[in-house]
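Data first, discussion second: the structure below is written as structure tokens.
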Amino acid sequence: MSAIEASESALMRRARYVLIAVMTVVITFPILWIFLSSIKQPDALFTSPPQVFPREVTLEHYRSIITDSLLLRYLFNSIVVASLTTLVSLLLAVFAGYGWGKFDFYGARTTSVFVLVSQMFPVVVLIIPLFELLSRFSMLNSYQGLVFAYLVYTVPLSTWMLKGFFEGIPENVLRAARIDGLSELRVFTEIALPLVVPGIAATAIYAFIMAWQEFFFALTFMQEDSLKTLPVGLLGFVGQYDVSWGALMAASFVTVLPVTALFLFLQRYFIQGIASGAVKG
Amino acid sequence: MATSTNQDSKSDTLVDRLLDGDISVGVWFVLPTLLIMGVILIYPLVRTVWLSFHVAQGSQYVWVGLQNYIDVLESDWLGGVIFNTVLWTGLTVGLQFAVGIAAAMLLNTKFRGRAFVRGLWLVPWVTPGIVAALVWKWMYHPQFGVLNRFLTDIGLTDSYIAWLSNPDLAIFAIILAGVWKGFPFSMIMYLAGLQSINQDLYRAAHIDGAPWYARFWHVTLPQLRPVLKVTILLTTIWTFNYFVLVFAMTGGGPAGSTDILPNKVYTLAFNEFQFGLSSALAIIMFLILMVFMVFYVRALKQQGEEL
């Protein structure tokens with residue numbers, strides 16, 4: 001590294017810093033634009049040419065989405081659905097990740113590859129039958145139904161992420177516990193599980209973000225207005241002929257903020273997990 | 001892939017393996033997940049295949065053989081939809097690769113606040129797709145859109161452009177949004193790959209007097225090959241399936257110029273209620289994807305051997 005860096009001229013270094021700054025501005029601009037649009041006076045949104053920074057700041061759009069729409073209800077639904085999805089996915093993935101990561105059994109390789117590949121199934125192949133299935137069991141317009149469907153998204157990669165973490169536990173540690181006479185279940189809960197807590201954190205963030213941003217299942221399976229999640233609720237501000245851009249941007253900001261904040265605080269865990277889940281064979 | 005499994009047992013017979021205590025324990029741990037995946041993946045897949053051979057009449061489904069497939073293949077929209085799908089997938093994946101690797105190389109250099117910058121560059125990836133679609137639509141607005149303002153400010157265009165209602169431009173506008181939304185995943189994968197390259201290779205190349213582009217071509221790219229393969233396959237599959245941008249930005253219009261396969265499958269089913277036709281198209285789409293999945297599993301296996 002040092003050899004390379006020494007060879008970098010002052011000009012090159014300055015160019016690199018400028019490039020990094022420019023990219024940061026371009027990449028974050030759409031999010032900044034959501035925020036700026038959400039605090040502009042209604043008439044300031046519709047000037048041509050558009051003003052970049054608001055001359056006057058208003059919270060009018062936030063007031064209107066809270067009082068004139070079901071936004072808080074959507075927010076509540078999103079929190080419930082994403083939390084439940086995270087919980088159930090983790091419960092399944094923790095067991096399955098351990099099973100595939102630490103045991104050999106007939107068909108282990110085939111079934112684990114099947115689960116990995118399943119995350120690539122097109123949503124649209126599954127959506128009609130899942131709609132039928134949920135409607136047969138009266139689970140359309142219910143939290144359980146949507147959470148159940150979300151497992152399609154979250155369980156495969158969660159399992160693979162945790163499988164990678166379990167594989168990192170030295171075999172001797174588990175063997176020693178077995179020799180001490182611990183039952184398989186206790187080896188799992190008392191020895192293995194505490195060792196993969198960072199993996200569990202990564203998986204939880206992943207599952208939460210997936211459930212939080214999902215759109216098509218929520219659109220199709222939750223048709224009652226009071227049960228919509230935030231992503232689908234946003235469409236309520238998009239009319240057939242005109243869009244309430246101010247309110248829409250305020251509601252969008254409410255949708256983006258929680259996951260972005262969560263992510264920025266916990267990105268270290270998350271990055272580790274994603275890279276290991278997608279690359280490790 | 002260090003696991004507990006002792007590799008000799010691979011050659012044992014099924015009976016030997018079943019008698020081994022380990023076997024049943026592992027199965028119990030994975031069983032709940034396998035059962036759930038069976039219900040939410042295998043059943044729907046089988047059901048979609050079944051639906052693709054039927055047509056709804058009232059509340060009954062009537063067997064029509066291959067008629068739905070024939071209708072899809074003879075439709076006047078199929079060619080256009082496939083063209084758009086290939087353009088959308090190819091260009092988005094290509095640009096995500098280019099931007100992703102450039103961003104990863106920048107993040108792999110030393111500068112102050114690097115972790116924070118990396119976090120900011122990842123934000124598009126955690127932004128919900130529908131939010132991305134709506135804010136880009138707002139930025140592309142023909143009269144009040146900020147993009148038009150910037151472009152005229154710097155003199156690139158002299159009049160405001162209706163990005164999403166121009167059939168020649170709309171798909172490229174959506175691709176740009178797709179690159180923004182998806183590049184961080186490639187970036188993180190390449191960054192992990194870059195960080196695992198042995199620095200001695202660069203030192204050797206440097207001593208040999210190789211300029212930066214030669215180092216990139218002869219050291220970086222070959223060393224990244226396994227990661228590149230997996231990442232490109234994975235982003236190809238995801239992009240091919242990803243249609244929330246099209247759905248919310250143009251709905252496939254204007255004049256079908258942005259309609260892609262998954263969007264067509266969805267709208268055939270839930271706007272036109274042609275479940276049989278939609279299922280036939282979904283199965284065709286699934287078969288195309290299978291090819292990529294096979295390559296992906298193979299690439300993973302190879303990498304497992306190399307690591």
Side-chain angles (χ1 to χ4, degrees), chain A residues 1 3-4 16 19-20 24 27-28 30-31 33-34 46 48-50 92 95-96 98-100 102-106 111 113 115 117-118 120-126 128-130 151-152 155 159 167 171 184 209 213 215 231 234 245 248 252 255-256 259-260 263-264 267 271 275 278-279 281, chain B residues 2-5 9 14 17 22-23 25-27 29-30 32-34 36-37 40-41 44 47-48 106 109 117 119-121 123 126-131 134-135 138-139 143-144 146 149 188 192 199 202-203 206 230 234 237 241 244 262 265-266 269 275 282 285-286 293 297 300-301 303-304:
Chain A
M1 203 69 205
I4 318 260
R16 182 159 61 86
L19 203 56
I20 290 167
T24 305
I27 291 167
T28 50
I31 304 297
W33 194 241
I34 294 175
F46 305 108
S48 196
L92 288 166
F95 281 98
Y98 182 64
W100 273 310
K102 280 293 169 203
F103 294 94
D104 189 22
F105 50 88
Y106 187 70
T111 48
V113 167
V115 168
V117 168
S118 67
M120 298 157 204
F121 278 27
V123 170
V124 287
V125 171
L126 311 174
I128 300 172
L130 283 177
L151 299 179
V152 173
V155 169
T159 302
E167 278 168 358
E171 189 55 29
E184 284 297 337
I209 290 176
Q213 69 166 329
F215 177 72
L234 292 181
W245 286 109
L248 178 61
S252 296
T255 310
V256 174
V259 270
T260 310
F263 172 76
L264 284 178
Q267 57 155 325
I271 289 164
V279 188
Chain B
T3 60
S4 64
T5 58
S9 72
L14 177 58
R17 297 157 132 260
D22 269 6
I23 292 177
V25 176
V27 170
F29 278 105
V30 302
T33 294
L34 274 184
I36 296 250
M37 293 318 255
I40 52 182
L41 273 166
R47 176 74 179 167
T48 300
L106 283 171
T109 62
V117 168
L120 287 180
W121 289 10
V123 164
V126 290
T127 301
I130 183 72
V131 172
L134 295 169
V135 69
W138 174 226
M139 293 194 300
Q143 275 171 286
F144 313 120
V146 70
R149 180 192 159 150
I188 277 304
Q199 290 303 314
Y202 285 109
R203 264 179 223 120
H206 186 71
V230 171
L234 211 50
I237 293 164
N241 284 332
V244 66
V265 174
Y266 189 86
F275 292 109
M285 193 180 145
F286 185 71
M293 293 186 202
V297 171
L300 276 186
K301 246 185 217 164
Q303 195 177 3

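Since we're looking at a predicted model, the values are computed, not measured. When reading the values below, keep in mind they use all heavy atoms of this one structure, side chains included, and skip hydrogens, waters and symmetry mates. Chain letters run A, B, ... following the sequence lines, proteins first and then strands; every chain starts at 1.
Listed by chain and residue number, A:F188, B:F29 satisfy the ring-ring contact (aromatic ring centres under 6.0 Å, His included) test with A:F95 (two or more places apart in sequence, or in another chain). Not counting sequence neighbours, the partners of B:P262 by the side chain to side chain contact (heavy atoms under 4.5 Å, CB included) test are A:V124, B:F243, B:I260, B:M285.
Summarising the geometry, atom CD belonging to A:Q213 is positioned 11.0 Å from atom CD1 belonging to B:I130; distances are rounded to the nearest 0.5 Å.
Contacts with chain B were tallied for A:S118, A:P49, A:P122; A:P122 has the most, counting heavy-atom pairs under 4.5 Å. Comparing B:T48, B:V146, B:L106 by how many heavy-atom pairs each has under 4.5 Å with chain A, the most go to B:V146. Per-residue heavy-atom pair counts under 4.5 Å with chain A were compared for B:V123, B:I36, B:L134, and the maximum is reached by B:L134.
With a 4.5 angstrom heavy-atom cutoff, A:F215 touches chain B only via side-chain atoms. Contacts of A:V152 with chain B are made by both backbone and side-chain atoms, with heavy-atom separations under 4.5 Å. For B:V135, the parts sitting under 4.5 Å from any heavy atom of chain A are the backbone and the side chain alike. For chain B, the nearby parts of A:L126 are the backbone and the side chain; heavy atoms of each come within less than 4.5 Å. Only the side chain of B:V297 comes within less than 4.5 Å of a heavy atom of chain A; its backbone N, CA, C and O stay farther away. Both the backbone and the side chain of B:L41 come within contact range of chain A, with heavy atoms under 4.5 Å apart. Of the two parts of B:I237, only the side chain, counted from C-beta on, holds a non-hydrogen atom closer than 4.5 Å to a non-hydrogen atom of chain A. Heavy atoms of A:I209 lying under 4.5 Å from chain B belong exclusively to its side chain. Interface residue B:I40: backbone and side-chain heavy atoms are both found under 4.5 Å from chain A.
Checking side-chain atoms of B:N241 against main-chain N and O of A:M120 turns up a donor-acceptor pair under 3.5 Å. When atom types are taken as modelled, the side chain of B:R149 and the backbone of A:P50 share a donor-acceptor pair closer than 3.5 angstrom.
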### Query
Going through the distances and angles, do B:W121 and A:I20 end up as a side chain to side chain contact (heavy atoms under 4.5 Å, CB included)?
CA-CA 10 Å; B:W121 289 10; A:I20 290 167; 4.0 Å; yes
### Derivation of the side chain to side chain contact (heavy atoms under 4.5 Å, CB included) call for B:M293 and A:F121
CA-CA 9 Å; B:M293 293 186 202; A:F121 278 27; 4.0 Å; yes
### Task
Take B:V30 and A:T111 through the side chain to side chain contact (heavy atoms under 4.5 Å, CB included) test and state the conclusion after the steps.
CA-CA 9 Å; B:V30 302; A:T111 48; 5.6 Å; no
### Message
Could you go through B:T33 and A:V155, starting from their C-alpha distance and side-chain angles, then the distance that decides it, and tell me whether this counts as side chain to side chain contact (heavy atoms under 4.5 Å, CB included)?
### Response
CA-CA 8 Å; B:T33 294; A:V155 169; 3.6 Å; yes
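Partner of B:P44 under the side chain to side chain contact (heavy atoms under 4.5 Å, CB included) criterion, chosen from A:L130, A:V125, A:I128: A:L130.
Counting heavy atoms from C-beta on, the side chains of B:V131 and A:L234 come closer than 4.5 Å.
Ring geometry for A:W245 versus B:W138: interplanar angle under 30°, hence parallel rather than tilted (30 to 60°).
Considering every non-hydrogen atom in both A:V259 and B:V126, the closest pair reads CG2-O, 3.8 Å.
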